[in-house]
Amino acid sequence: MPANIYLPELARITFIKEEVPGERAIKTFRVEPLNGGSFEHECGQCAMLSVFGRGEMMISIASSPLVKDYKQFSIMRVGRVSAAFHDLAVGDVVGIRGPYGNSFPVDDWRGRNLCFIGGGSGLAPIWPVITTAVAQRDLFKNITVFYGGRSPRDIMYKSELEKLRGVADVHLSVDKAEDGWDAYCGFVPANVMDKEPSPDNAIAVTCGPPIMIKYVIQNLSQLGFADEQIYTTLENKMKCGLGKCGRCNVGKDYVCVKGPVYSWAQLKNLPEEY
Amino acid sequence: MTKKRTGVFVCHCGNNIAATVDVARVVKEMSAEETVVYSQDYVYMCSDPGQNAVIQAIKDNQLDSVVVSCCSPSLHEKTFRDNTTRAGISGFTCEIANIREQCAWVHKDRDVGTEKAIKISRSAVRRAGRNQSLEPIAVPVTRRVMVIGGGIAGIQASLDMANAGLEVILVERQATLGGHMLQLSETFPTLDCSQCILSPKMVEVSRHPKIKVMTYCEVQEVSGSVGNFKAKILKKPTFVDPEKCNICDDCTQVCPVVVPNEYELGLTARRAIYIPYAQAIPASYTLDEEACLGLNPIRCGKCKDACEADAINYDMRPETVVEEVGAIVVATGFDLYPQENIAEYGYGKVEDVLDGLQFERLCSASGATSGHVLRPSDHKVPKDVVFIQCVGSRDPAQHCAYCSKICCMYTAKHATLYKHHVPDGRAYVFYIDIRSGGKGYEEFVQRTMEEDGAIYLRGRVSKLYRHNGKVKVLGTDTLTGQNVEIDADMVVLALAMQPSKGTAQAAKVLKIGRDKDGFLAEAHPKLRPVESVTAGIFLAGAAQGPKDIPETVAQAGAAAAKVIALLSQATLSHAPTVARVRRSHCTGCEMCVTACPYHAIRLENGKAVVNEVLCEGCGSCTATCLRAAIEVKNATQMQVFEMIEACLA
Amino acid sequence: MSEEQAYEPKIVAFLCKWCSSAGSDLAGVSRIQYPANATPITVPCSGSISPLYILSAFNKGADGVLLSGCHIGDCHYIEGNYLARRKIYLIKELLEMVGVEPDRLRMSWVSAAEGAKYAQVVKDFVADLKPLGPQDKLKADRT
Amino acid sequence: MEKILDKQRLDDWIAVLTDWDAFAPAVEDDVWAFRPVAGAVRLDHPNTKQPPKGFAFPQREVFFTFEQIKGEAPRLTQKLPQGKRRVAFGVRPCDGRGTVRMDRVFADHVDDPYYQTRRNNMAYVGLACNKPVSSNCFCLSVGGSPVGSDGLDVLMTDLGERYFVAAVTETGKALMTVAGDLLKKPEVADRQRLKDLHAEAVAQPQRAIHDADGAPAKLKASFKSPLWEELAQACIGCGICTFLCPTCHCFDINDEVTGAAPLKGSRVRTWDNCQFPDFTMHTSGHNPRPSVGARLRQRVCHKFQYFFENFGMHQCTGCGRCISDCPVGIDIVHVVNKVTEHAG
Amino acid sequence: MIDVQSIRDAARDLLTRGEVRAVIGYRRGSRGMLAEPVTITDPEQADELVWDATCFHNLALYLVEDRKALAHAQRTPTLPIAIIAKGCDARAIVVLMQEHYFKRDEVYIIGVSCEGGGVLVEYKLARLLNGAQALSAVFDGDELVVTTAAGEVRLPASEVMADRCLECREPFPKEHNVAFGEDKTGRQLAAPFTALGRFEALSAVDRWAFWRRQFERCIRCFACRSVCPMCYCDECVVDSITFPVAPDTTAEEKANRIRWIERSAVRSENITYHMTRAMHLAGRCIDCGECERVCPVNIPLRLLNNKMELEARERFGYEPGASIGGPSLVASFRDDDPGQFIR
Ligand SMILES: Cc1cc2nc3c(=O)[nH]c(=O)nc-3n(C[C@H](O)[C@H](O)[C@H](O)COP(=O)(O)OP(=O)(O)OC[C@H]3O[C@@H](n4cnc5c(N)ncnc54)[C@H](O)[C@@H]3O)c2cc1C
Ligand SMILES: Cc1cc2nc3c(=O)[nH]c(=O)nc-3n(C[C@H](O)[C@H](O)[C@H](O)COP(=O)(O)OP(=O)(O)OC[C@H]3O[C@@H](n4cnc5c(N)ncnc54)[C@H](O)[C@@H]3O)c2cc1C
Ligand code: SF4
Ligand code: SF4
Ligand code: SF4
Ligand code: SF4
Ligand code: SF4
Ligand code: SF4
């Protein structure tokens, strides 16, 4: 009998941190498999998380594949399952299946400059790449991280980002100025234009709200990044994660299988239906 | 809303609950509920230690919602909600599971009772799991009152409130204040003259700096709610300027139109321009638009020519004024049951058959006959007068089911007054039984019988008709069992009291309920007898039910006291469990608008909007809206959905 | 014990807060015993009972649904019960037309003073439901 | 294995298949559906309202049940389908081809245990269409045939008084073997008749997609065509076209809760449909396919472009159901023709 | 009989004169003889319009779609939209206006009388034709004239007509700006509620057996709801197929949507859906019969709605679609509403 691809493994929440407060709050969860056997994943892959009785949702694995003890997820409270997740406490047991989707070709990027551009909750999907690169610091050249939130309260991974300083160039920004904020004020794409990262031997990875991605890519192109040098991730509604339920496709490809990671060169060739 | 942290407190109520319900099991089952983080039982939850335990538990466990499984919410919901508030969380997060009245007291079997108590408690836990923290809505108060009806009830209430410093608007639909009391001659049981005690009050009202008297006015529309009503009042034109009119009576002398005088109940006639009574307040004439030969196109103009004070102005037009008030007292009084409805007594067509009020006018010094009792047909002094009680009252089959309460007394009064006027006359009183509860009342009736020699016959009058210039009265004396036949000169019917037409109209405008007989419905027959169901609207006098003057005055005072208490606050608090619109679901179909009994919903930009002050949280809108776009806070569809599940698990 | 005797119908009782809930309290105060089959849910007014509540109760396995409010004319909210009467009439007709036993949905007016009536209403309802057996027409058949 | 079966003996054949639950088309309220065989089977149906896809991909499938006591780990119980083997009689060739497509989807990339368990348990006995069963049939233009046997285990052809019964797969052979002498050896005349009938069937006029082969490329080029909105104008976004389609496989997964303390319920797969407005709508409200045009394009392109690009075959077998039953006349033949013509 | 050319002329004129921004009507579809809905904006297209026995669709639905599209685009049109409306369609438009979905002056109603006919039912026709394909169908008095490849067939109209048309009390669109055809209000082809009456005569056991079969068959394609002009809710309370996410929809609302029924198409969920829908259509359903027509598995949904209509009429004196003003059935009451069922 084939293995049951729909049957989640059980995993226990071992850590919860409130990243961003408010109506669309973000919390970070770490889960550890209950029965030892968990899956290996690569940077950029996702997992289907279950709260039983509420349903499933697809969430990017926000921890580096190098971290074997747990898997980390940063979840925004938006709907049925995500809200249920936010109500959970350390020790609660959830379901998890995966990993799903393709990954960032991090190994191919060795020896290059890496530039990460994230906005809002879009830091989570690229966080494993950042942390993997940092953990293997000598394999890569310059590491630059742009990240912005609406306000200082909306900056996720605040302390982790601070810890990156020294290892990487960190450029934070907020959309609207507030007292006590001395870094950049303005939208992320503008911050990128302001700091002008060099396209030489570089790879840019961006993730965030669609509108941000659009302008970041525009600006990167303007700075001379070639389409193949720019990577991003797509997010489409998913139910199975296995290319069967039929809803996350863009053209012939199911994002859950062929995505979510795309280079801008690839994305440009897809019909605009995401 | 994040997941609730609910505490469940199960009360033994001594043995009241614990005898039937396994309290410990309820506690255990509740702790299995997703939202419950704390549960305990206690012998008397409502006792001081019990309540303190709740407060302690709330603090220790960071509870944000509470379920108390105990007695009926009508007993202790307030207690526990106040207690919850004391612990620092909104009282509206507290729910009562009634496991005593609805469970322990009505079931004996312990297993069955426990099972049901679990369901009831679980259902409350589910409700509490989705309760919002709410704070009462504060409503600013307009410190003015409107009194509708200028009878003794309205007058008394106005004076009491004005003397307490409230601004009062007294609206009377007729041309004078006074109501029915002004028509009475003397009043039982003391037989003091009605006008003598009423007139000073009327004058006081008219002169009171805090009272604005609006006679010949009608309330057309009332919007808003307790603390802030807005009333649209129609001022009918009197065509006479009361400031200028010096009651010289020159106008009536020239007016060519003669119509029956309603204030004298048709016993006399008046002109098209008239003053109801000499004591009328305001002391001014009124031109009866209907009766006047016509203001347009060609007016007769005689009165205006005659008026030296130049008080008459034919160009007066109806006017509407808007008054803002914080409370309303309804004192719209009674009417007599129409004589025309009484078939056995000739439908009011038999001459010399009068109703009680007409008789009052006959006795009244200011009345049609200047206080001489003369029968209308031939102005002779009647020698045989028959008084019939309970006409229209206590007759569920044909007329009013209720007792009009005052008829026994005023009939006795009438018999007495008659005997005082015509000492050699014979007064017969037909009665069913005599209800003379009240201070000095029984003695009064006894005097009527014994001292004044009125002949009391127990029995019904089956028929009366005109015969040989007299009124033939056929009846039975049930005490002797004999048929009685009297050739009366005059017959006085003690007709039932019924709610006045103005009462019906006012109830409609105010959207307040009436009872099955049409009298204004009180919020509670025993505990809230002077309040209507609608907050801020109070009742006084005969509009609420048959009563005599002392009772009317007492109730008026009570209503006034309620208003004074109400408006002594700077703001009122309104329950926050009101309807809320889920805008994205609302299509603006207006079904809820139609359904809402409180007219609390209106449409704005195609979406329903709730006036939280008007909304009473009845949920009629919820059940009507097809899209679940409107629901009452803390009684949401989601809550009911989960409670249903809890009841059936 | 025969199966029929063992069967205890499950009833969800929607009671308005002002009359019927108070009426059930009075039954309690008067210690009038009646079957425990009906679990009460207090709603503000009978007029707030959406047809969906009734269908949902049946869907969740109720054998009977009881709705109770203030007598006509006595509604605390003036006219909520008039609105309820019309809606419930319709859904009752609908259920019956589909072939659901009409006895499974009962509506009554119970005032705050009618404790005995409330007890009687429940007694009668339980008695009428028993011969019908479990309700499985609208009950969720998802396993 | 090729045999002859007397029409009257069809019921006998079914009767000897004791290891199987047999299904055949039956009509109720003018709706033809596969129903468990009860009584005589007469394969005179046009085509069933719903294709036989539900045998392996039922509209509702329970994946597993869960139960969780507060504070404890949930307990999951896998619910793999079980039961006797099943055989459906009277499956039309278009629906046979539908099965081939479903097989591809549910085995692509990873195996779907529920589908496969059911599928492996299933046999289809087909019935050739001597004449088109509906005015909207167009199997020929999508590479099928009214007498084709793709996806079937047995193909029967109505020769008048008797059926020509041909095994297509091993399972088919097994089914026929059980029949023993019920199935006779065909005579030459039978074979000739079969040949004639098949030739006639293929020559019957059908509706036609003019350039099915060119469709993938042309559709690809027409992604931004304004024609989509125009052609979809009347679409009401119901589930008829996809729910009746033998190849549509989209589904939804939900938790159905039956009790709250302890939590009890099941995770359930149900059919879903790309024509429903919220099919692709994100929680944020963003919808990659916000209009009827975008959704019709998805349905048509999925069938005539994406599926082809992925599996080398069209995901439409020309059964014509979506055309016949669309309440507002959206006609896939017309749509494909129109768009491909416009693409030049 | 209505000359279709007059309808075309009217539509063309309206568009040419710029009085309306579009005309919703019928045209010949690509699958056989059936008509299909179309919205035309160009006067040239007017000649595509058709009017025959296959103009089943209640086009009021497209007024709703138009409204939704406008709301989505946040546009307020300056011109009305014209619509071809049969008697039942016009009643639907009245209900929509009663519910303030749009205003009277925002629609231009081109009324068409069904006169002595109505629309046909495909499967009834198919039964009578024994496999022959109809190429066209027009009512002619008491008969339906059907052309097939083999020639003309005349069938008794009453045997192919939809029940809803047979029982129609108002085949003439009372509410209209312009109307074509004779006003045959009051024509009696079959008494109103005949099908319902037949059904209600069955025993409770038989009624349940019947509905059980029907509800088990429902595949929850929601065509019945999608096709209904009264089911214009942005989110249907009994299902998640539509999902209004407005800028002010909170995460709370998204997270806590009540699942009155599950998505599984099983009897209990189907029945709850259909009963809820029937309740929601009480006093609103104007018996265009579209839900019944579109149901791919032939569930006679009209019976449910008819039942509500009958009760509304007989008990509450309420006629859906009769007037634009006036309260809705379930938002109002009369003192003498039946109450005998209350204990
Ligand atoms: C590849 C991928 C990676 C993601 N990574 C993250 C992440 O790291 N952190 C995070 O907070 N969110 C992430 N999301 C978005 C997340 O999946 C949705 O916010 C989530 O599914 C909403 O589910 P819900 O039950 O709370 O909302 P509901 O609206 O209640 O659920 C509706 C259903 O729609 C589906 N759905 C709705 N929106 C989306 C969406 N945008 N994407 C996929 N499915 C959707 C869900 O399956 C859910 O079952 C990711 C999405 C994708 C596709
Ligand atoms: C024949 C008879 C004899 C009686 N004798 C005695 C007696 O001897 N002793 C005794 O104690 N009681 C007696 N009563 C009872 C007494 O008349 C009443 O108790 C008393 O008049 C009630 O006062 P009220 O202000 O409530 O009503 P009313 O006197 O009826 O006054 C109501 C006032 O409200 C006005 N009004 C009505 N509707 C409106 C409206 N919509 N807007 C504005 N104004 C409105 C009316 O015009 C009227 O002025 C007698 C009653 C009758 C019929
Ligand atoms: S009934 Fe519902 S949809 Fe209609 S206006 Fe009221 S809230 Fe909006
Ligand atoms: S709950 Fe609804 S119907 Fe009741 S008063 Fe409030 S708004 Fe009106
Ligand atoms: S194409 Fe037809 S069947 Fe398909 S969703 Fe649209 S209207 Fe429904
Ligand atoms: S797309 Fe239409 S014609 Fe093609 S297989 Fe599906 S239902 Fe049949
Ligand atoms: S159209 Fe028919 S099958 Fe589809 S949901 Fe409605 S009743 Fe069910
Ligand atoms: S069934 Fe009711 S809620 Fe659903 S779309 Fe129709 S009217 Fe709206």
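Since the model is a prediction, treat every value here as computed from it, not as a measurement. In what follows, chains are A, B, ... by sequence order, proteins preceding strands, each numbered from 1.
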> Atom CZ in E:Arg257, atom CD in B:Gln637: separation rounded to 0.5 Å?
Replying inline: 13.5 Å

>> Tell me whether the count of non-hydrogen atoms from other residues, nucleotides or ligands lying under 6.0 Å of CD in B:Glu34 goes above 12.
In response: no

> Which heavy atom of B:Thr587 sits nearest a heavy atom of E:Cys233, and at what distance?
Replying inline: CG2-CA, 4.5 Å

> Do E:Glu235 and B:Arg627 have side chains that get closer than 4.5 Å, going by heavy atoms?
Replying inline: no

>> Within a 6.0 Å radius of atom CD on E:Glu216, are there more than 12 heavy atoms belonging to other residues, nucleotides or ligands?
In response: yes

> If you tally heavy-atom pairs under 4.5 Å against chain B, which of E:Met279, E:Arg284, E:His280 wins?
Replying inline: E:His280

>> How long is the straight-line distance from CD1 of E:Ile258 back to CD of B:Glu642, given to the nearest 0.5 Å?
In response: 8.5 Å

> Shortest non-hydrogen contact from E:Asp248 to B:Ser584?
Replying inline: OD1-CB, 4.4 Å

> Once you round to the nearest 0.5 Å, how far does CZ of B:Arg130 lie from CD of E:Glu252?
Replying inline: 8.5 Å

> Would one find more than 12 heavy atoms of other residues, nucleotides or ligands at under 6.0 Å from atom NZ of E:Lys68?
Replying inline: yes

>> Salt bridge check, B:Glu645 against E:Arg259: does any charged N sit closer than 4.0 Å to a carboxylate O?
In response: no

> Should we count NZ of E:Lys174 as having more than 12 external heavy atoms under 6.0 Å?
Replying inline: no

> Would you say B:Asn605 has more than 12 foreign heavy atoms packed within less than 6.0 Å of its CG?
Replying inline: no

> Of all heavy-atom pairs between E:His100 and B:Cys589, which one has the smallest distance, and what is that distance?
Replying inline: CD2-O, 3.6 Å

> If you look at every heavy atom in E:Asn256 and B:Met638, which pair is closest and at what distance?
Replying inline: O-CE, 4.0 Å

> Minimum heavy-atom separation for E:Val237 to B:Leu626, with atom names?
Replying inline: CG1-O, 3.2 Å

